[in-house]
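Data first, discussion second: the structure below is written as structure tokens.
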Amino acid sequence: GKGEKNNGNNGSSTPWGMMGGIFKGVLNSGITNVEKGQKKALRKSVESLYHEEVTRGTFRWISSSSLVVEGDDDGATTDKLSSSSPSPYIDEDFEAAAAFWRMASDIIITSHSEQQQQQQQQQVEQQNENHQQWWYLALPETTTSVAQNLCDVLNWYADLLEKKRSSDNEVNNDVDDDGNYYEGIELRAELDSRSDASSIPVIRFTTTTATNNNNNDIDNQQQHQLERQNKQFFAKSLLPTSDDTERRTKAWVKRLLVQLGICPFTKSTNKSGQGLSDLGVPVANIMYRHSSALCDDSGDGDGGDVYLLMADAWEAISDMVAAGPSGKMGVSSILLSAPGFDNNFELWAGPVFAMLETCVGAIQAEEMIGVVCFHPQYVTPDGKSWPGFGHMHSVPRLKQWYNQHSSSSSSSPTTPPLSDDEIAAGGAWQRRTPHAVINVLRAEQLEAAEGRRRSGELYERNIRVLVGNKEEGEDGSASVGLEKLAKDLKREQCL
């Protein structure tokens with residue numbers, strides 16, 4: 001990290017506690033076993049209800065392995081299906097989540113491109129009213145409850161953005177020299193009532209573009225937004241490429257997980273799950289993915305690239321599930337790098353991972369996958385609040401394990417105990433990657449690994465190897481130490 005003690009515990013800026021709030025706000029809708037549409041006629045029936053939206057191109061139907069064939073000539077939008085036989089591992093709820101977040105991301109991108117036209121219309125009409133648009137997504141092979149849960153996650157984030165915008169405007173963080181302040185595009189989602197009669201849930205997305213312009217100076221507003229767009233375009237042009245992030249992440253996997261043995265079930269940069277075959281977990285490929293989403297620090301406040309990140313992540317997860325757990329194309333885990341979030345750990349570990357983890361629950365996939373948080377500025381949770389499933393154990397828990405097992409593993413009975421800051425650093429450096437990374441693991445692999453290893457002994461050993469006292473490394477050798485850990489990570493970030 002930059003200019004810190006390498007333990008990451010900065011006090012008030014930590015994101016812990018976000019998960020409790022989002023779990024209270026979503027996933028409360030009951031599970032309704034809605035029969036999945038299986039006939040093309042049902043699609044036509046639903047689309048007849050949305051004839052105008054289909055014509056305008058604001059209605060999207062997501063095809064799946066058992067519904068909708070290529071070659072329709074009715075003008076409706078649909079995804080292309082592969083000509084080969086579909087994977088037996090395809091899961092429609094994972095596809096629904098991927099389609100949902102891709103739709104959200106596409107809507108924000110489209111709305112930005114249309115925003116200037118709306119402002120020109122305002123200039124002619126001299127109006128400052130909210131401008132709304134509606135978009136529709138049909139999810140033919142998921143349930144109403146899953147669709148509602150996905151809406152709840154998005155709306156939770158919309159509420160969070162609304163609070164942030166209000167706070168920013170109150171302290172004049174988003175006010176220009178003429179006293180005008182600008183609000184971004186608000187996106188919300190809900191089940192559309194027109195689809196109630198069918199068994200297919202249709203989600204209605206609503207975008208609201210609200211501009212508070214005290215002086216009716218539309219030209220200044222357009223210039224302000226153009227400057228922001230140029231700034232974001234320039235920032236994105238500086239992001240590492242997918243080849244860069246894969247090369248750097250693989251170097252980190254080799255150094256930390258393989259050579260230092262921080263993950264005992266990863267023995268190469270290409271495959272993981274070694275040592276678990278007797279428990280029914282096959283060795284399979286590590287999928288490296290990349291997202292060009294950029295953390296928005298400009299003040300626009302519409303969260304568009306968080307939606308892009310969610311879309312990239314859930315498409316990768318859906319691909320992983322469809323690939324199956326074994327065989328030549330089988331995937332055991334995902335490492336998705338998002339370098340645009342490297343400088344905002346608070347957003348990454350807080351809202352982003354709260355949404356990722358809650359979305360796993362939204363599609364009832366807890367028994368299939370788990371998501372794990374990595375970041376170049378990772379902070380070990382302080383134990384004052386629940387950080388979520390995908391985070392490192394808290395400092396108090398790590399300290400308990402370290403004190404419990406260190407006496408038997410230390411090469412010297414007089415070795416002084418580690419401080420809380422050193423324990424925190426030992427936890428943090430297990431999660432510090434060259435770029436912000438979403439790690440996705442199969443639940444059966446997580447369960448088998450947890451049964452095979454002894455967590456207390458493993459984390460004590462890892463802390464000792466990374467930041468232990470001088471002669472507390474593996475087999476009595478010197479630990480790596482904070483200085484070398486920082487130097488190695490910096491080197492990998494430059495590969």
Side-chain angles (χ1 to χ4, degrees), residues 6 8 244-277 279 281-290 316 320 325 330-339 369-378 380 390-393 398 401 425-468 473-475 477 479-482 484-493 495:
N6 293 315
D244 293 333
T245 59
E246 180 172 344
R247 181 172 59 253
R248 295 166 185 176
T249 305
K250 282 185 174 180
W252 174 84
V253 170
K254 181 178 180 180
R255 171 180 63 88
L256 199 86
L257 303 188
V258 178
Q259 294 177 344
L260 292 178
I262 297 304
C263 177
F265 309 112
T266 301
K267 303 299 184 183
S268 78
T269 60
N270 295 320
K271 295 182 181 293
S272 66
Q274 292 92 342
L276 298 172
S277 58
L279 297 178
V281 177
V283 176
N285 299 300
I286 300 173
M287 177 188 289
Y288 290 88
R289 286 291 183 92
H290 173 90
M320 168 185 170
V331 176
S332 63
S333 61
I334 300 170
L335 289 170
L336 183 146
S337 297
I369 63 163
V371 291
V372 184
C373 179
F374 291 84
H375 194 274
Q377 300 171 353
Y378 194 86
T380 303
H391 284 286
M392 175 57 64
H393 294 285
L398 293 176
W401 281 339
W429 279 104
Q430 295 178 57
R431 296 294 185 91
R432 290 191 175 177
T433 43
H435 299 292
V437 165
I438 298 169
N439 178 212
V440 186
L441 296 167
R442 293 185 179 274
E444 62 264 27
Q445 182 176 339
L446 284 168
E447 184 179 358
E450 192 65 29
R452 173 58 52 85
R453 73 189 186 193
R454 297 180 179 179
S455 293
E457 293 180 3
L458 175 64
Y459 284 105
E460 180 275 330
R461 178 259 178 207
N462 287 349
I463 293 172
R464 174 164 45 86
V465 167
L466 295 178
V467 300
E474 190 75 1
D475 300 324
S477 61
S479 63
V480 178
L482 297 178
K484 181 168 173 45
L485 286 169
K487 185 181 298 184
D488 287 342
L489 186 64
K490 183 68 175 178
R491 176 182 56 80
E492 289 159 355
Q493 289 171 327
L495 289 176

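Residue indices begin at 1 and follow the sequence shown. Just so it is clear, the values below take in all heavy atoms, side chains as well, and ignore hydrogens, waters and symmetry mates.
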How far apart are the closest heavy atoms of R461 and G261, and which atoms are they? NH1-O, 3.2 Å

So which heavy atom on A284 is nearest to which on P325, and how close? CB-O, 3.4 Å

Below 30° counts as parallel, above 60° as perpendicular, anything between as tilted: where do the rings of F374 and W252 land? perpendicular

Steps toward side chain to side chain contact (heavy atoms under 4.5 Å, CB included) verdict (W429, L482): CA-CA 9 Å; W429 279 104; L482 297 178; 3.6 Å; yes

Take atom CD in E447; do more than 12 heavy atoms of anything else shown fall under 6.0 Å from it? no

Are any of the side-chain heavy atoms of V440 and L336 separated by less than 4.5 Å? no

Side-chain heavy atoms of M392 within contact of L398, under 4.5 Å: yes

Check this for me: K271, atom NZ, are more than 12 non-hydrogen atoms of other residues, nucleotides or ligands nearer than 6.0 Å? yes

Distance only, no hydrogens: is a donor on one side chain within 3.5 Å (strictly under) of an acceptor on the other, for T245 and H290? yes

Heavy atoms only: give me the nearest A251-L495 pair and the separation to one decimal. CB-CD1, 3.5 Å

Distance (rounded to the nearest 0.5 Å) between R432 CZ and Q377 CD: 8.0 Å

Quick check: does any side chain N or O of R442 sit under 3.5 Å from a backbone N or O of V281, one acting as donor and the other as acceptor? no

Nearest 0.5 angstrom please: W401 CH2 to N462 CG, how far? 11.0 Å

Atom CG of L466 and atom CG of L256: how far apart are they, to the nearest 0.5 Å? 6.0 Å

What's the spacing between I334 CD1 and I438 CD1 if we round to 0.5 Å? 9.0 Å

Where is the tightest heavy-atom contact between A436 and P376, given as atom of each residue plus distance? N-CD, 3.5 Å

Could you walk me through whether L335 and N439 pass the side chain to side chain contact (heavy atoms under 4.5 Å, CB included) test, one step at a time? CA-CA 5 Å; L335 289 170; N439 178 212; 3.6 Å; yes

What's the spacing between Y459 OH and H393 NE2 if we round to 0.5 Å? 4.0 Å

Judged by atom type as modelled, is there a donor-acceptor pair below 3.5 Å linking the side chain of T380 to the main-chain atoms of A428? yes

Ignoring hydrogens and angles, tell me if any N or O in the side chain of S332 forms a donor-acceptor pair with the backbone of N285 under 3.5 Å. yes

Please assess I463 against E460 for the test side chain to side chain contact (heavy atoms under 4.5 Å, CB included), listing each intermediate value before the final yes or no. CA-CA 5 Å; I463 293 172; E460 180 275 330; over 6 Å; no

N/O donor-acceptor pair under 3.5 Å between E246 side chain and Y288 backbone: no

Output for pair (L485 CG, Q430 CD), nearest 0.5 Å, gives 10.5 Å

Donor-acceptor contact below 3.5 Å, side chain S268 vs main chain N270: yes

For a side-chain contact (heavy atoms from CB on, under 4.5 Å) with L489, tell me which candidate from K484, R248, R255 qualifies. R255

Heavy atoms of R431 and G390 approach each other most closely as NH1-O, 3.1 Å

All heavy atoms of S337 vs all of T249, minimum pair found to be OG-OG1, 3.1 Å

